[in-house]
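Notes for the one structure printed next.
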Amino acid sequence: MTTCLRHMILLAVSAVALLAVADDGTTTAYDFLNVPASSHVYGLGGHNLTIIDDDINLVEQNPALLGPEFDHQVGVNYMRYIGETNFAGLRYGQGVSEHGAVAVGIQYFGYGNLQGADIDGTLTGTFSASDIAFNVTYSHDISDRFRGGITLKYLYSKYEDYTAGAVAADLGVNYYDPDHEFSASLVAKNLGGQVKKFNDYKDNLPWDIQFGVSKMLGKAPVRLHLTAYELTRWKSPYYKIEDVNNPNSGLIKKDSFGSNLLRHLVFGVDILPTDNLYLGVGYNYRTRSDMATYKRDFMSGLSVGGGLKVRAFAFGAAFARPHTGATTFMFNFNTSIGELLK
């Protein structure tokens, strides 16, 4: 039995074990797992499984995007989110053979200082809350166009004096045709469950099935992206104010075929004037429709981003504003240690 085959069997066994403890409840915790670690992805709407680029931060979306080409690459990400919330992460990749690679990483989600109160409403002072995700990824080329991968994660949460832990896995496969610059991926995300509860209630992970495609538009320097997510549940209704000019008016439930379909899709466009520069824009209808009962403007659901590579260093940034009171920024940096040492 070859080493490659043994690795694939081990990954399959790990996946089955995690599936065995996966929960199928309708409510979930650990929703910080849905926050992207890549500014490129964030600028394209927050979900993308298929970008083929020299950026190890993309591996968080799909373990099958990892490969030997990321040998000795380091990626750093930071997001200034709503209020005092700050997210940051670090990832390192290394080739282990001509067709395989591993990566390790950590993501931190800090929510700032929160006001505490007892059951009677008496203020008890401030406390902090945070989540941390430790992850290790392995990928291997199945053929010259197919690549598979798995990410194993340990999740640690600390809210005031309470702690909880969970294990999860992402399983992904990517098909890439370089002749036609076409990429397609299928990913099962966040399969697993809690190993330590906050209390007697067991929280479910936001497990999901996602599919995506990316395609260059002929000879034009334009790449189109379409990503479908939350495919484990078709119905995704939302509510909007009956009269936008009267905030106190009633709510209307939107649950049509069209709205359900659009709430599962993210659209993105990259403009690639050179190999070292990209500009991207994304549209996420779910983000926009979720803000239908809040203040929103033209930017709600839209996101924009861009990136530049200078020699061994690459930089990326993205901006989004879900509603008028929430402006978010994300920054990425990555470099290849091997290139720096040349």
Side-chain angles (χ1 to χ4, degrees), residues 1-19 33 35-38 40-41 48-77 88-108 132-156 165-176 183 185-192 195 210 312-314 316 332-342:
M1 185 183 295
T2 65
T3 301
C4 173
L5 184 56
R6 285 197 298 268
H7 284 158
M8 298 306 290
I9 292 175
L10 178 59
L11 295 182
V13 171
S14 301
V16 171
L18 286 162
L19 280 168
L33 293 171
V35 178
S38 163
H40 197 164
V41 170
N48 193 295
L49 319 171
T50 48
I51 302 174
I52 305 300
D53 200 359
D54 185 24
D55 181 3
I56 196 170
N57 294 299
L58 298 169
V59 173
E60 174 269 338
Q61 288 283 296
N62 180 1
L65 296 181
L66 177 68
E69 63 272 18
F70 293 117
D71 192 36
H72 299 301
Q73 186 174 132
V74 177
V76 179
N77 63 81
L90 175 68
R91 193 177 304 266
Y92 171 77
Q94 181 172 318
V96 294
S97 69
E98 184 180 353
H99 298 287
V102 296
V104 294
I106 181 173
Q107 287 290 131
Y108 171 80
I132 302 177
F134 304 91
N135 56 76
V136 57
T137 301
Y138 174 75
S139 71
H140 198 277
D141 293 336
I142 302 171
S143 69
D144 60 341
R145 294 190 177 183
F146 279 95
R147 177 180 290 170
I150 180 172
T151 295
L152 301 178
K153 297 178 276 191
Y154 178 74
L155 314 173
Y156 174 79
V167 293
D170 298 343
L171 303 173
V173 61
N174 173 257
Y175 169 83
Y176 179 57
S183 175
S185 291
L186 179 67
V187 180
K189 307 192 85 171
N190 303 321
L191 306 173
V195 294
Q210 302 181 2
F313 301 96
N332 273 175
F333 166 79
N334 67 276
T335 186
S336 172
I337 297 175
E339 290 187 38
L340 290 175
L341 297 177
K342 289 181 179 179

Run the side chain to side chain donor-acceptor pair (under 3.5 Å) test against [X] and tell me which residues pass, sequence neighbours left out.
X: Asn332; answer: Ser39
X: Asn48; answer: Thr50, His225
X: Tyr92; answer: His72, Gln94
X: Thr137; answer: Thr151

Does [X] have any side chain to side chain contact (heavy atoms under 4.5 Å, CB included) partners at least two apart in sequence or in another chain, and if so, which?
X: Phe313; value: Phe315, Phe333, Thr335, Leu340
X: Leu186; value: Val173, Ile209, Phe211
X: Ala314; value: Lys309, Asn334

Output all residues satisfying salt bridge (charged side-chain N to carboxylate O under 4.0 Å, His left out) with Lys153, sequence neighbours left out; order by chain, then residue number.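 With neighbours one apart ignored, the set is Asp170.
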Listed partners of Arg147 passing salt bridge (charged side-chain N to carboxylate O under 4.0 Å, His left out), at least two apart: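 By the salt bridge (charged side-chain N to carboxylate O under 4.0 Å, His left out) rule, Arg147 matches Glu69, Asp141.
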Could you pull out all residues at least two apart from Phe134 that satisfy ring-ring contact (aromatic ring centres under 6.0 Å, His included)? none
Could I get the full list of ring-ring contact (aromatic ring centres under 6.0 Å, His included) partners for Tyr176, not counting sequence neighbours?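 Once residues adjacent in sequence are excluded, Tyr176 has no partner under the ring-ring contact (aromatic ring centres under 6.0 Å, His included) criterion.
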Smallest separation among heavy atoms of Gly95 and Asp71, with atom names: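 Looks like N-OD1, 2.8 Å.
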Identify the two heavy atoms, one from Ile56 and one from Ala103, that lie closest to each other, and give their separation to 0.1 Å.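 Heavy-atom minimum between the residues: CD1-CB, 4.4 Å.
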